[in-house]
Amino acid sequence: MSISENIARVQGQIAQATTQANRTLGSVALLAVSKTKPVEAIEEAIEAGLRAFGENYVQEGVSKIIHFESRGVALQWHFIGPLQSNKTRLVAEHFDWVESVEREKIAQRLSEQRPAGMAPINVLIQVNISQEGSKSGVAVDEVLPLAEKIATLPNLTLRGLMAIPEPGKGDEAFAQMQALFNQLKAALPECAIDTLSMGMTDDMAQAIAHGSTQVRIGTAIFGARQYNKN
Ligand SMILES: *Cc1c(COP(=O)(O)O)cnc(C)c1O
């Protein structure tokens, strides 16, 4: 199947899951995860109408961003991978969103390094939910303190939360994330918190049933990846 056929199928699945959850059609955004895929694949997705893309690796993502910028194509780029402090500057200079913020130091650097004249970076806090074996993401009880800190940084806009639950633990983890998202909105009413990023190729319907506002889909759009550094 072609990328455009895959996108049509995924959009249909998102619409169906949204309706089944008694939610408003259009309330779940599709982020196309293009990591490891060439610009030609992204071009096909653009032709099919997609504008928001997720990348995990800084250099790879930045070179794709520059490729499309030089051709005058306006896209929205989300950084969704692990971020070390020596890579924050490149991310701050090129990406529109960072979904994987898990440390105050990283948030501070992103804010300091955002070039003047660019819009603030939209930020999600990555939460370590049901991931005993993984060090990615902050613990549930550290979310609010980190959120309060991010809310004070001038060049960041806190938009919400992101999580990657362990396969098979989706339902419970997604329910916990939904509760945490509601707590965060209540705790920081002055922030524009509107994004709960959860759900990937294998669990997007479950995530939508638990309030996801953005699914991050790679494999179901672009096919299997040749390599996966994660
Ligand atoms: C790779 C990746 C995805 C996409 O996963 P698929 O299972 O291919 O849909 C989503 N989110 C993050 C953070 C990823 O690293």
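Counting starts at 1 for both ligands and their atoms, in listed order. By convention here, the first residue in the shown sequence is residue 1.
Taking every heavy atom of Thr219 and a limit of under 4.0 angstrom, the matching atoms of ligand 1 come to 6 (P), 7 (O), 8 (O), 9 (O). Against a heavy-atom cut-off of under 4.0 Å, Ile217 is close to the following atoms of ligand 1: 9 (O). Heavy-atom proximity to Arg216, at under 4.0 Å, picks out these atoms of ligand 1: 4 (C), 9 (O), 10 (C), 11 (N), 12 (C), 13 (C). For ligand 1, the atoms lying closer than 4.0 Å to a non-hydrogen atom of Gly218 are 4 (C), 6 (P), 8 (O), 9 (O).
In this structure, Trp97 and His78 have parallel ring planes: the angle between them is below the 30° cut-off, well short of the 60° mark.
Between Trp77 and Phe53, the distance separating the two ring centers is shorter than 6.0 angstrom.
Using a cutoff of 4.0 Å between basic side-chain nitrogens and carboxylate oxygens, Glu60 and Lys64 are scored as salt-bridged.
Judged by the shortest distance from any of its heavy atoms, Ile80 lies inside the 4.0 Å radius around the atoms of ligand 1. Under a 4.0 Å heavy-atom criterion, Arg225 is in contact with ligand 1.
At a heavy-atom distance under 4.0 Å, only side-chain atoms of Ile164, from C-beta outward, approach ligand 1. Residue contacts with ligand 1 for Asn56 involve side-chain atoms from C-beta outward but no N, CA, C or O (heavy atoms, distance under 4.0 Å).
Taking Ile, Leu, Val, Met, Phe, Trp and Tyr as members and joining any whose side-chain heavy atoms lie under 4.5 Å apart, directly or through other members, the hydrophobic cluster of Ile80 also contains Leu31, Val33. Under the 4.5 angstrom side-chain criterion for Ile, Leu, Val, Met, Phe, Trp and Tyr, Met1 has no cluster partners at all.
Within the 4.5 Å cutoff, side-chain heavy atoms of Leu83 are placed close to those of Leu110.
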